[in-house]
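Order of the sequence lines fixes the chain letters, A, B, ..., with proteins taken first and strands second; residue numbering starts at 1 for each chain.
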There are 2 protein chains.
Amino acid sequence: MPATIRDVARASGVHISTVSRTFSAPHLVNPETRGRVLACAEELGYRPNRAARALITGRTHNIGLIIADIANPFFPPLIKAAESQARQRDYHVFVADTNEDPIAEEELVHALAKQVDGVLLCSPRMSNSMIEQLSREVPLVVINRQVAGLPCVTMDVGQGARSAVEHLLGLGHRRIALLSGPRGSWTSREIRRAAGVAARAGGAEFTVLGPNQPTETGGAALAEQVRRSGTTAVLAYNDLMAIGLIEGLDALGLRVPQDVSVVGIDDIALSRLTRPKLTTVATPNAAAGRTAVDMLLQHDTVAARGSRGSRGVTSDDRRTTAQVMLQTELVIRDSTAAAPADGRNRPDAESATPGPHRLAGPGRPTAATGGVVAS
Amino acid sequence: MPATIRDVARASGVHISTVSRTFSAPHLVNPETRGRVLACAEELGYRPNRAARALITGRTHNIGLIIADIANPFFPPLIKAAESQARQRDYHVFVADTNEDPIAEEELVHALAKQVDGVLLCSPRMSNSMIEQLSREVPLVVINRQVAGLPCVTMDVGQGARSAVEHLLGLGHRRIALLSGPRGSWTSREIRRAAGVAARAGGAEFTVLGPNQPTETGGAALAEQVRRSGTTAVLAYNDLMAIGLIEGLDALGLRVPQDVSVVGIDDIALSRLTRPKLTTVATPNAAAGRTAVDMLLQHDTVAARGSRGSRGVTSDDRRTTAQVMLQTELVIRDSTAAAPADGRNRPDAESATPGPHRLAGPGRPTAATGGVVAS
DNA sequence: CTGAAAGCGCTAACAC
DNA sequence: GTGTTAGCGCTTTCAG
């Protein structure tokens with residue numbers, strides 16, 4: 001059983017409040033006493049109980065980070081950046097995964113509410129009104145979604161999607177499909193809107209397939225639909241789906257980029273390791289994590305919740321409610337190329353016989369697209 | 001400012017203790033009163049403050065999960081399994097990432113200690129004695145390491161490494177290298193020991209390269225050494241390094257598996273998506289996460305720390321200290337093949353000129369190894 | 001079945 | 001500088 005403040009007080013012959021001060025306001029205590037107290041504390045292995053402290057100060061020095069899916073390689077850089085930024089300010093981050101489940105999201109916010117000073121809600125799947133409601137329970141910063149009246153950090157995927165589509169138009173594609181993301185995703189809606197506008201502006205046919213699970217499996221499952229639709233270029237909700245799609249097309253005997261061009265979004269590390277290397281829209285993940293922490297801590301530093309001293313502060317006073325949108329960038333690699341001459345994804349589309357995967361695939365593309373090439 | 005138990009008591013005209021009971025021991029309160037209390041609570045949006053409750057019960061219903069590197073795809077399945085197992089028992093999991101840093105590990109255990117009922121220490125990089133010391137502060141279950149006297153769940157990577165080496169020997173390889181993992185990793189030591197024994201027993205030359213960063217980059221950086229050493233088969237500490245190595249070899253003009261066979265460990269999802277598909281040792285990750293939670297909660301259910309009722313319980317009473325080792329399995333895919341006839345990784349090793357990456361690589365292997373083939 | 005009182009570990013006025 | 005006193009929000013004897 002761990003030592004308490006009282007044990008230390010007894011051992012060093014002072015009152016518990018002196019021990020308390022030794023830790024929370026060292027300058028207020030005589031160096032000599034302080035030394036003795038510290039020694040005893042060390043000896044007993046005493047560490048202030050943060051939870052008890054939080055009960056009265058209203059500040060836990062923890063922040064919660066709620067993530068739709070830890071297994072999605074999109075998130076780790078964001079998580080790590082948030083953690084390191086938080087650590088610098090003497091905060092700890094507790095990460096929790098919701099499995100893309102809006103119910104779990106809500107539950108987790110509740111569970112975390114009292115144990116953290118604020119939570120970063122990343123790529124939420126729940127409704128805006130739910131988010132607003134939760135924000136009255138605990139300070140929230142929303143990542144990858146815009147919610148009126150709340151601090152948000154988003155990435156400009158609309159711009160990214162537009163660049164991607166324009167890249168495809170430039171390569172001569174006139175039938176473009178979008179593999180949309182999960183239901184409830186703000187990002188997916190933004191992409192859809194922007195890609196649709198750009199495609200139509202370029203005189204291309206635009207098909208939306210989805211909503212889908214944002215995973216390899218989700219992407220692979222759409223290969224047949226893509227083949228049948230005859231589109232020659234696909235923009236996927238994320239890199240994972242793009243990679244899955246490429247696999248799936250491969251199994252159907254369609255080669256990327258010769259028969260079909262594929263663009264992902266995110267630029268996860270993996271997208272540089274597959275064959276062909278993925279053309280994709282890079283999103284500033286780590287920056288988003290850092291920024292979100294800053295925004296939370298900034299308006300959180302102003303006023304502690306529930307502490308005695310700040311009882312009178314209304315929540316309106318402390319809301320700067322910045323909304324930050326970070327820039328994205330198209331990275332052109334090997335999964336996009338000029339559209340097939342006949343404008344279809346397969347010369348003999350009707351008679352295609354899906355062959356066994358390992359025998360049917362492409363070698364590696366030898367010539368890539370025009371445009372800026374990144375490695 | 002959130003409603004407290006007192007607000008609810010006032011609103012429903014009962015004493016706070018009755019409100020308390022309504023939530024923590026409903027059967028002890030008159031259904032009618034209970035109804036009224038619940039209604040008021042609902043109305044006010046009251047939720048019991050878990051932290052305050054923990055202060056007196058000694059149970060937070062949280063468990064901490066400390067991970068060396070969230071970005072390593074090895075961990076997410078483990079994390080998810082732990083979370084879902086915990087949720088079933090009405091516990092929440094707080095994940096924290098240490099960036100492979102032993103200091104951060106220690107700090108995090110301290111930070112978590114009072115806010116959770118126990119912590120799962122996954123792939124620790126700190127010393128055994130440190131772990132033992134920390135285990136006196138908070139119940140610990142160690143994953144991927146054996147520490148005497150503490151509950152541990154490990155995977156039999158020794159057996160896995162042996163199978164891998166025997167597979168390579170069976171393919172005629174007589175010069176085998178091991179890409180070892182990070183300093184301080186128990187797993188890496190086990191692999192090294194077992195692989196060394198197996199290689200020597202098979203009359204093969206055995207080289208250890210490392211310690212290394214367990215990432216793609218870490219693997220890629222070793223390509224040149226592998227080439228120069230003339231080995232024809234490599235076992236990597238994990239799939240990430242194996243994949244990085246394949247990329248690196250590729251850049252040097254060495255083909256996998258024709259020139260060099262590569263085996264990974266973990267069987268991450270990615271290993272099925274690269275070309276060639278990776279031969280690897282599958283580790284039962286999710287099972288490890290589940291098991292660890294069970295072990296923690298089992299011996300944690302027996303006695304709450306610091307609660308009034310259990311003051312006299314010594315920590316000896318509650319330690320069953322099971323040590324579980326889960327089985328691994330070799331999965332043979334396309335990155336291993338018969339050793340080159342001349343027993344070297346390059347016919348003209350000395351005159352090799354590393355070509356530009358994209359022009360030098362293999363197509364896709366058309367025939368794989370003997371043995372059991374998995375897709 | 002419900003209320004009264006004590007107290008978990010700690011901090012924050014306020015005296016001295 | 002340091003001790004005293006009053007709680008933070010909650011649970012848990014113990015009476016009644």
message: For the backbone of A/V8 and the side chain of A/S12, can you confirm whether one donor and one acceptor N or O come within less than 3.5 Å of each other?
response: yes
message: So, applying side-chain hydrogen bond (donor to acceptor under 3.5 Å, both in side chains) with B/S123, which one of B/N72, B/T98, B/N144 is it?
response: B/N144
field: B/T18 (side chain) donor-acceptor with B/V14 (main chain) under 3.5 angstrom
entry: no
Find every protein N or O atom lying less than 3.5 Å from an N or O atom of nucleotides 14-16 of chain C, and list the pairs.
none

- prompt: Separation of B/L55 atom CG from D/dT12 atom P, in whole Å?
  reply: 12 Å
- prompt: Which ones in residues 25-45 of chain B lie close to DNA chain D, meaning a heavy atom under 4.0 Å from one of its atoms?
  reply: none
statement: Contacts satisfying salt bridge (Lys or Arg N to Asp or Glu O under 4.0 Å) that involve residues 99-110 of chain A (not counting sequence neighbours) are A/E100-A/R125
task: Look at the side chain of A/T33 and the backbone N and O of A/N30, then say whether any donor-acceptor pair between them is shorter than 3.5 Å.
output: yes
task: Consider only side-chain N and O atoms of A/Q115 and B/N62, and report whether a donor and an acceptor are under 3.5 Å apart.
output: yes
message: Rounded to whole Å, please give me the gap between CZ in B/R59 and P in D/dC10.
response: 19 Å
- prompt: Tell me: CZ of B/F23 to P of D/dT12, nearest whole Å?
  reply: 15 Å
task: Could you state the atom-to-atom distance from CD1 of B/I56 to P of C/dG9 in whole Å?
output: 10 Å
message: Minimum heavy-atom separation for A/H61 and A/D117, please, with both atom names.
response: N-OD2, 2.9 Å
- request: Starting from P on D/dG9, measure out to CD on A/Q115 and report it in whole angstrom.
  value: 15 Å
statement: Quick note, salt bridge (Lys or Arg N to Asp or Glu O under 4.0 Å) partners involving residues 2-31 of chain B, not counting sequence neighbours, are B/D7-B/R10
query: Under the 3.5 angstrom rule, does the side chain of B/E83 hit a backbone N or O of A/D97 as a donor-acceptor pair?
result: yes
field: Residues in contact with DNA chain D, drawn from residues 12-20 of chain B - heavy-atom cutoff 4.0 Å
entry: B/I16, B/S17, B/S20
- request: Return the stems involving DNA chain C, sorted by first number, where pairs are Watson-Crick (N1-N3 with N6-O4 or O6-N4) or G-U wobble (N1-O2 and O6-N3), both under 3.5 Å, and runs are 3 or more long.
  value: C:1-11 with D:6-16, C:13-16 with D:1-4
statement: In whole angstroms, the gap separating P of D/dG3 from CD1 of A/I5 amounts to 12 Å
message: Any side-chain N or O of A/R47 below 4.0 angstrom from OP1/OP2 of C/dG9?
response: no
- request: Round to the nearest Å and state the distance from A/N49 atom CG to D/dG9 atom P.
  value: 16 Å
message: Output the rounded distance in Å from CZ (A/R53) to P (C/dT11).
response: 5 Å
message: Using atom P in both nucleotides, what's the gap between D/dT5 and C/dA6 to the nearest angstrom?
response: 15 Å
